[in-house]
Amino acid sequence: PAWIITDASRHNAQARRMDGKPWDGIGGKKAKSLPGTDPSWPIGVPEIGARPVVVLCEGQPDFCAALLVAWAEEIDPDMIAPVCITGAGNRIHPDALPAFRGKHVRIAMHNDAEGRSAAARWADQLHEAGVSTVDAFDFDGLATPEGRPVEDLAAYATLIDPEQPPSTRAFARIGGGGTKQQTIPENTPILP
């Protein structure tokens, strides 16, 4: 059994096993593209529409966590369009780039070298496409109650406690800047 994410375009559909184990038939990877789909197509592009903010996520769990985090941080869900790049090695498909034009794109950057490299590459593509603002939320320095580092938006979402206000906000000042956000100027590598 697997869970699958896709969007109205059906250009990309990614499956993950329900038991969390890797797929044996594709070299032990944790996610696989369904036959006939393009893994470089960002899932969620058709739903961007008039929404002014795109939360660009790396992977399906972060994509699923985006609206939960927005809800917990009291952000209007009609303002945000979660979009999923299905792997750090993927570039944004050139045919999808016009959908980002004029938007504020917040990258939920994974807290590792590969995630920073991917965020820099995507930021360059987005700047070239005419995106108004590209910034990233950096999870570096955040930890779970058990002391493990928070690696991504899905792990960050596990820290949400409806009884306690968050100590930081991934979507703070979604219109620009904030304490954990970093603006990504054109052609700037994001490396530790």
Side-chain angles (χ1 to χ4, degrees), residues 2-16 26 29-70 75 77-112 114-139 151-157 170-171 174 181-184 186-190:
W3 59 280
I4 299 169
I5 65 165
T6 192
D7 60 30
S9 75
R10 304 292 193 265
H11 286 308
N12 190 358
Q14 287 270 310
R16 283 189 178 228
I26 58 167
K29 296 186 179 178
K30 54 188 167 186
K32 72 175 179 178
S33 297
L34 297 185
T37 66
D38 182 349
S40 70
W41 186 266
I43 297 172
V45 166
E47 287 73 36
I48 293 173
R51 291 179 175 90
V53 178
V54 175
V55 177
L56 191 62
C57 304
E58 178 189 329
Q60 301 93 308
D62 285 8
F63 176 78
C64 292
L67 289 178
L68 172 65
V69 172
I75 304 293
D78 290 331
M79 191 172 134
I80 292 177
V83 172
C84 174
I85 304 291
T86 55
N90 291 337
R91 294 182 58 79
I92 301 169
H93 194 287
D95 292 344
L97 287 169
F100 295 91
R101 191 172 294 126
K103 305 295 182 182
H104 175 160
V105 179
R106 168 92 26 105
I107 300 172
M109 181 172 59
H110 279 208
N111 188 17
D112 57 23
E114 190 177 17
R116 284 174 169 64
S117 176
R121 185 174 58 257
W122 299 332
D124 285 345
Q125 285 188 273
L126 292 164
H127 282 297
E128 289 174 21
V131 170
S132 63
T133 302
V134 179
D135 60 18
F137 186 81
D138 188 349
F139 298 97
E151 298 292 331
D152 56 27
L153 190 62
Y156 176 82
F171 301 153
I174 201 77
Q181 290 77 27
Q182 57 185 21
T183 299
I184 306 173
E186 283 188 71
N187 302 313
T188 301
I190 305 170

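Small disclaimer: the values here were computed from a predicted structure and weren't measured. For this chain, numbers begin at 1 and follow the sequence in order.
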(message) Please enumerate all residues that pass side-chain hydrogen bond (donor to acceptor under 3.5 Å, both in side chains) together with Thr6, with sequence neighbours excluded.
(response) none
(message) When you compare the side chain of Phe139 with that of Met109, does any pair of heavy atoms fall below 4.5 Å?
(response) no
(message) Using side-chain heavy atoms (C-beta onward) and a distance below 4.5 Å, is His104 in contact with Val54?
(response) no
(message) Quick check: do Lys32 and Gln14 have side-chain heavy atoms less than 4.5 Å from each other?
(response) no
(request) For Trp122, enumerate each residue passing the ring pair (Phe, Tyr, Trp, His ring centres under 6.0 Å) test, keeping only those at least two apart in sequence or located in another chain. (result) none
(message) If I compare all heavy atoms of Cys64 with all of Trp3, which pair ends up nearest, and what's the gap?
(response) SG-CZ3, 3.8 Å
(message) The criterion is side-chain contact (heavy atoms from CB on, under 4.5 Å); which residues satisfy it with Ile4, sequence neighbours excluded?
(response) Ala13, Ala15, Leu34
(request) Would you please name every residue forming a side-chain contact (heavy atoms from CB on, under 4.5 Å) with Arg91, sequence neighbours left out? (result) Arg121, Gln125
(request) Please identify each residue that fulfils side-chain hydrogen bond (donor to acceptor under 3.5 Å, both in side chains) with Ser40, with sequence neighbours left out. (result) Asp38
Kindly list each side-chain donor-acceptor pair under 3.5 angstrom involving residues 94-103, sequence neighbours excluded, with atom names and distances?
residue, atom, partner, partner atom, Å
Arg101, NE, Ala129, O, 3.0
Lys103, NZ, Gly49, O, 2.8
Lys103, NZ, Arg51, O, 2.9

(request) Measure across Asp62 and Ala108 and return the closest heavy-atom pair with its distance rounded to 0.1 Å. (result) OD2-O, 4.2 Å
(request) Using a 4.5 Å cut-off on heavy atoms from C-beta on, say whether the side chain of Ile92 contacts that of Leu56. (result) yes
(message) Restricting to side-chain contact (heavy atoms from CB on, under 4.5 Å), what partner residues turn up for Pro46, sequence neighbours left out?
(response) Asp7, Ala8, Ser9
Just list the side-chain donor-acceptor pairs under 3.5 Å for residues 80-89, sequence neighbours left out, or say none.
residue, atom, partner, partner atom, Å
Thr86, OG1, Asn12, ND2, 3.4
Thr86, OG1, Pro39, O, 2.8
Thr86, OG1, Asn90, ND2, 3.3

(request) Compare all side-chain heavy atoms of His11 with those of Ile43 and state whether any distance is below 4.5 angstrom. (result) no
